[in-house]
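Note that the structure is a prediction, hence the values are computed from the model and not measured.
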Amino acid sequence: MRSRLILIVAALGLVNACSSGASTDTTLDPGSTSTSEGIITTSTPVPTTTTVPTTTTTVPTTTTGPEGNWADVPVVVYDGWGGMALGWWDGAEWIQASEETILPISGGETYQVALFGSDVLIEGGAQHNDGCGVLGYTWAGVDLTDTAALGTVIDDGTGEDRGISGVAVSAPWNIHPRPISEGEESPDLPADALGLLADLGFTTDSVSIVQVLETDIDGDGAAETLAVAESTELANQASGVYSLVFAVGGSWDDPRVVAESVIPTTDVGFPASLRVSDAAELTGDGVLEIVISAAVWEGTWVGVFHLTPDGFVPAIGAGCGS
């Protein structure tokens, strides 16, 4: 019988569970331990706050958004296994949700959907704590009235039903102040990906670009390109695979890694297939955050990545699987 798997976020690192009897030589979480059921869990408690430096980029004032019943802070939720909450921005730092988090909502709040090509508004209920009920695990969450608006998730572990998942955010401003559109692969993108992969210890002669989007991330008037280079598989353990999200262009001198799941041939680990779900304004500062969805073996994960002067950093996220 196939064992079950739980994915959560511990400081935005994936915590994974492998099948019974499978190798536990994974590069994802070196602090993990294995139980008698073959479940790998983290020995480090999930932090309730993640502090990131703010960007010094000058950006236009955030535009006024639609009318609604908004939360006091921009709570971010996605539909994975029970409306799991990722967390929120409190005006100074990101607050990561967890099993015991008390969300700053009362129920009935309006949420904007952050998913490429969508401007949908939906409503959320009061807090519940039954998100990701696999193996009895719970997570702070919110029931959403139209979960289909957030895209689709994979549920069978084969990769064939893989979808891109967005998030819902209860923010009163326009979360899409600048346009985002599909782009075309330029001759430079494969070379940029090869260089970034080499920096991450992965050597290959060629890459496949599987997604290209364009938007002005930092608000300086020049558009950046978001791209995904990938050659991976959804498996319990794998080697020599990669899924790399990176940004290039605009006024930036060099390409920047946004998120990555890179396992060189010298390592064995738990691979993920990453996609850009959206570039949306989730903090009110005018700089767009990058929403990334990941399909993994028997599960999904969604995370928000925040631009700082030192590059993109993980902010909040959540995931689950069975």
Side-chain angles (χ1 to χ4, degrees), residues 5 7-9 65-71 74-88 97 103 105 107-134 137-172 174-176 179-182 210-211 213 228 234 272-282 288-304 316-322:
L5 164 142
L7 289 175
I8 63 173
V9 172
E67 294 184 359
N69 177 29
W70 306 106
V75 176
V76 182
V77 182
Y78 97 114
D79 184 43
W81 286 268
M84 299 176 71
L86 280 69
W88 64 91
L103 301 175
I105 60 171
E109 283 82 6
T110 306
Y111 292 79
Q112 298 187 63
V113 173
L115 179 65
F116 172 63
S118 175
D119 289 308
V120 175
L121 297 181
I122 58 179
E123 185 176 311
Q127 176 174 341
H128 64 69
N129 283 71
D130 57 2
C132 191
V134 181
Y137 192 82
T138 60
W139 190 272
V142 178
D143 286 323
L144 302 171
T145 54
D146 183 7
T147 56
L150 273 66
T152 58
V153 297
I154 186 171
D155 61 8
D156 65 356
T158 67
E160 295 181 358
D161 294 334
R162 185 210 189 288
I164 296 177
S165 301
V167 297
V169 56
S170 187
N174 178 11
I175 65 171
H176 295 121
I180 177 172
S181 62
E182 291 189 48
V210 297
Q211 185 185 27
L213 298 174
V228 180
L234 298 184
S273 175
L274 309 178
R275 292 293 185 273
V276 177
S277 301
D278 202 11
E281 220 285 69
L282 303 183
L288 305 185
E289 277 68 49
I290 311 302
V291 181
I292 302 293
S293 61
V296 296
W297 185 71
E298 299 185 309
T300 60
W301 170 84
V302 174
V304 171
I316 52 175
C320 184
S322 62

**Derivation and outcome, side chain to side chain contact (heavy atoms under 4.5 Å, CB included), residues D278 and V276** = CA-CA 6 Å; D278 202 11; V276 177; 5.9 Å; no
Taking all non-hydrogen atoms of both residues, which atom of [X] and which atom of [Y] are closest, and how far apart?
{"X": "P172", "Y": "Q112", "answer": "C-NE2, 4.4 Å"}
{"X": "A279", "Y": "I290", "answer": "CB-CD1, 3.9 Å"}
{"X": "L115", "Y": "A149", "answer": "CD2-O, 3.6 Å"}
{"X": "Y78", "Y": "L150", "answer": "CA-CD2, 3.6 Å"}
{"X": "A97", "Y": "A85", "answer": "CB-O, 3.3 Å"}
{"X": "G125", "Y": "I105", "answer": "O-CD1, 3.8 Å"}

**Message:** Applying side chain to side chain contact (heavy atoms under 4.5 Å, CB included) to H176 and E281, what does each step give before you reach the verdict?
**Reply:** CA-CA 6 Å; H176 295 121; E281 220 285 69; over 6 Å; no
Taking atom [atom1] of [X] and atom [atom2] of [Y], what is their separation to the nearest 0.5 Å?
{"X": "L282", "Y": "L288", "atom1": "CG", "atom2": "CG", "result": "8.5 Å"}
{"X": "T110", "Y": "W70", "atom1": "OG1", "atom2": "CH2", "result": "5.0 Å"}
{"X": "L103", "Y": "Q127", "atom1": "CG", "atom2": "CD", "result": "4.0 Å"}
{"X": "E123", "Y": "D143", "atom1": "CD", "atom2": "CG", "result": "11.5 Å"}
{"X": "L144", "Y": "I122", "atom1": "CG", "atom2": "CD1", "result": "4.5 Å"}
{"X": "S273", "Y": "L234", "atom1": "OG", "atom2": "CG", "result": "6.0 Å"}

Within-4.5 Å side-chain heavy-atom neighbours: [X] and [Y]:
{"X": "V291", "Y": "V302", "result": "yes"}
{"X": "L121", "Y": "P66", "result": "yes"}
{"X": "I164", "Y": "F116", "result": "no"}
{"X": "L86", "Y": "V304", "result": "yes"}

**Prompt:** Would I292 and R275 satisfy side chain to side chain contact (heavy atoms under 4.5 Å, CB included), going step by step from the backbone distance to the final call?
**Reply:** CA-CA 6 Å; I292 302 293; R275 292 293 185 273; over 6 Å; no
**Message:** Using a 3.5 Å distance criterion without hydrogens, assess whether the side chain of W139 forms a donor-acceptor pair with backbone atoms of D130.
**Reply:** no
**Prompt:** For A71, does its backbone N or O pair with a side-chain atom of S170 as donor and acceptor, under 3.5 Å?
**Reply:** yes
**Request:** From the options D119, V167, V120, select the one residue that forms a side chain to side chain contact (heavy atoms under 4.5 Å, CB included) with V113.
**Result:** V120
**Message:** Assess the residue pair V142 and Y111 against the criterion (side chain to side chain contact (heavy atoms under 4.5 Å, CB included)); give the C-alpha distance rounded to whole Å, side-chain angles, the decisive distance to 0.1 Å, and a yes or no.
**Reply:** CA-CA 11 Å; V142 178; Y111 292 79; 3.9 Å; yes
